[in-house]
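Here the structure comes first, spelled out in C-alpha cells, and everything after it is commentary.
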Amino acid sequence: MTDTARIEFYFDCASAFSYIGFEFMEKYKTLWNIHVDYRPFVLEKVMANAQNSFSPFKLPHLFQDLKRTSSITGIPFNGIPAQYPYDPIIALRTLQFIKSRHADKLSDAMRRLWLMEYVERKAPGSIDNVKQALQGVVDGAVVDQAIVMQETLEAVNANTARIMELKGFGAPTILAFKDGSDKPQIFFGSDRFEHLAIYLGKEFHPMRQLFAHAKI
C-alpha cells in the first residue's frame with residue numbers, strides 16, 4: 001500500500017525554534033521518506049491573533065533550551081542578533097519565491113538565513129542582508145523579484161491566515177496528514193517529533209542519536 005502521509009511545516013525566519021525544528025524535520029524527512037511542504041508565515045500576526053505574548057521570565061529559559069539543544073545535536077547556535085525582534089517579511093517573501101521557482105534550493109536558502117541570524121547574529125531583515133545570506137544559493141536578483149511580486153505576499157499571508165484559522169499560536173506549527181485525509185493533526189514546536197512519529201507510525205530517535213546517525 002502506498003504511504004500517502006505528508007507534512008506541512010509552517011515557520012517564521014524570526015523564530016529560533018523554527019530553525020531548530022527545521023533541522024530536525026530535515027533529518028526525519030530523509031529517515032521517513034516523507035513529503036514536507038515548508039510554508040513561511042508571519043509569527044507576529046499569529047501570536048497577536050492568539051493573544052500569545054512572551055513573559056520576560058520565559059525568555060531566558062527559552063534561550064537556555066536552545067543552547068542545550070545546540071550542545072546535544074551540534075545544530076549551530078550562538079545567540080540572537082542585536083537587532084531583535086526584526087521584520088522578517090523580506091526573507092519570508094524571498095523564500096516563498098524560491099519555493100515556487102527554485103524548489104530544490106529552498107532548504108539550503110532557509111538554512112543560510114538562519115545561520116546568518118543565529119550563528120553570525122545578524123538579522124536577515126534587509127534586502128542587502130538577505131542577499132548576503134543567500135550568496136551561492138540564488139542570485140541576488142531573486143530577492144529583488146520576490147519583494148515586488150504580489151503573489152509572494154499573498155502566499156505568506158494565506159499561510160498565516162491558515163494557521164490563525166486553525167487557532168495556532170506559535171512556530172513551528174506542523175500539520176500531519178495520513179491515510180489520504182485532508183484533515184490534519186496539529187503539532188506545535190520543535191520538540192514534538194516523537195508524537196509526530198507515533199501518529200504517522202514512523203521511526204523515532206532521541207536527538208543525540210538522530211544527529212549522530214551517519215546515513216541521515
Tell me whether the count of non-hydrogen atoms from other residues, nucleotides or ligands lying under 6.0 Å of CG in D104 goes above 12.
yes
Taking F188 as the starting point, is it possible to reach L175 by hopping between hydrophobic residues whose side chains are less than 4.5 Å apart?
no
Yes or no on side chain to side chain contact (heavy atoms under 4.5 Å, CB included) for E26 and R111, after CA distance, side-chain angles and deciding distance? CA-CA 10 Å; E26 284 289 283; R111 183 175 286 116; 3.9 Å; yes
Exercise for the section: For residues K105 and L134, determine if any side-chain heavy atom of one lies less than 4.5 Å from a side-chain heavy atom of the other. Expected result: no
### Message
Using a 6.0 Å cut-off, check whether atom CZ of R208 has over 12 heavy atoms from anything other than its own residue.
### Response
no
Original post:
Does some side-chain heavy atom of I163 sit less than 4.5 Å from a side-chain heavy atom of R39?
Top reply: no
message: Are L166 and T173 packed together at the side-chain level, in the sense that at least one heavy-atom pair is separated by less than 4.5 angstrom?
response: no
(request) Is it possible for you to check whether K99 lies under 6.0 Å from the centre of the six-membered ring of Y38, through NZ or CZ, and within 45° of that ring's axis? (result) no
Notebook entry, point to check: Could you go step by step and tell me if I7 and K29 meet the side chain to side chain contact (heavy atoms under 4.5 Å, CB included) rule?
Noted result: CA-CA 9 Å; I7 287 170; K29 182 173 72 172; over 6 Å; no
inquiry  = Please determine whether a side-chain nitrogen of the Lys or Arg among D65 and R68 lies less than 4.0 Å from a carboxylate oxygen of the Asp or Glu.
reply    = yes
dist M25:CE -> L31:CG (nearest 0.5 Å) comes out at 9.5 Å
Does some side-chain heavy atom of F17 sit less than 4.5 Å from a side-chain heavy atom of L66?
yes
Does F187 belong to the same Ile/Leu/Val/Met/Phe/Trp/Tyr cluster as I34, with side-chain heavy atoms less than 4.5 Å apart forming each link?
yes
For residues V130 and L113, determine if any side-chain heavy atom of one lies less than 4.5 Å from a side-chain heavy atom of the other. yes
OH of Y10 to OG1 of T160, rounded to nearest 0.5 Å, is 9.5 Å
Exercise for the section: Would you please test I75 and Y118 for side chain to side chain contact (heavy atoms under 4.5 Å, CB included) and show each step? Expected result: CA-CA 10 Å; I75 298 171; Y118 297 117; over 6 Å; no
**Prompt:** Yes or no on side chain to side chain contact (heavy atoms under 4.5 Å, CB included) for Q132 and K122, after CA distance, side-chain angles and deciding distance?
**Reply:** CA-CA 11 Å; Q132 181 184 338; K122 182 191 295 186; 3.1 Å; yes
Of all heavy-atom pairs linking E120 and M116, the shortest is CB-O, 3.3 Å
On a heavy-atom basis, the closest approach of E44 and D12 is N-OD2, 4.4 Å
Looking only at heavy atoms, the pair that brings A141 and D139 closest together is N-OD1, 2.8 Å
So CZ of R6 and CH2 of W32: to nearest 0.5 Å the spacing works out to 15.5 Å
With a 4.5 Å cut-off on side-chain heavy atoms, are R192 and I174 touching? no
Output for pair (M110 CE, L95 CG), nearest 0.5 Å, gives 6.5 Å
CD of Q51: more than 12 outside heavy atoms within 6.0 angstrom? no
CG (D108) and CD1 (I98) are apart, to the nearest 0.5 Å, by 10.0 Å
All heavy atoms of G125 vs all of I90, minimum pair found to be O-CD1, 3.5 Å
When every non-hydrogen atom of A171 is compared with those of L43, the smallest separation belongs to N-CD1, 3.7 Å
Can you check whether F97 reaches E151 side chain to side chain, under 4.5 Å on heavy atoms?
no
For a side-chain hydrogen bond (donor to acceptor under 3.5 Å, both in side chains) check, start with the C-alpha distance between Y19 and E117, then their side-chain angles and the critical distance, and finish with the verdict.
CA-CA 10 Å; Y19 164 47; E117 185 168 356; over 6 Å; no
One should read off an interatomic distance between F211 CZ and K27 NZ, to the nearest 0.5 angstrom, of 6.0 Å
For the pair Y28 and F193, evaluate ring pair (Phe, Tyr, Trp, His ring centres under 6.0 Å) and give the outcome as yes or no after the intermediate values.
CA-CA 9 Å; Y28 280 115; F193 284 93; 5.5 Å; yes
task: Could you tell me whether the side chain of S181 and the main chain of F177 form a donor-acceptor pair under 3.5 Å?
output: no
Paired with N159, the side chain to side chain contact (heavy atoms under 4.5 Å, CB included) test is passed by just one of E8, Q96, M164, namely Q96
Evaluate the ring pair (Phe, Tyr, Trp, His ring centres under 6.0 Å) criterion for residues F9 and F22: first the C-alpha distance (whole Å), next the side-chain angles of each, then the deciding distance (0.1 Å), finally the verdict.
CA-CA 8 Å; F9 184 101; F22 162 77; 7.1 Å; no
(Q) Is there a continuous path of hydrophobic side-chain contacts, each under 4.5 Å between heavy atoms, that joins I127 to V148? (A) yes
inquiry  = Are L196 and F204 linked, directly or through intermediate hydrophobic residues, by side-chain heavy-atom contacts shorter than 4.5 Å (ILVMFWY only)?
reply    = yes
May I ask you to decide if G180's main-chain N or O and T4's side chain share a donor-acceptor pair within less than 3.5 Å?
yes
A82 backbone acceptor or donor facing R121 side chain under 3.5 Å
no
Practice problem: Determine whether Y86 and P124 make a side-chain contact, defined as any pair of heavy atoms from C-beta on separated by less than 4.5 Å. | Solution: yes
Heavy-atom nearest pair, G168 first then A50, reads O-CB, 3.8 Å
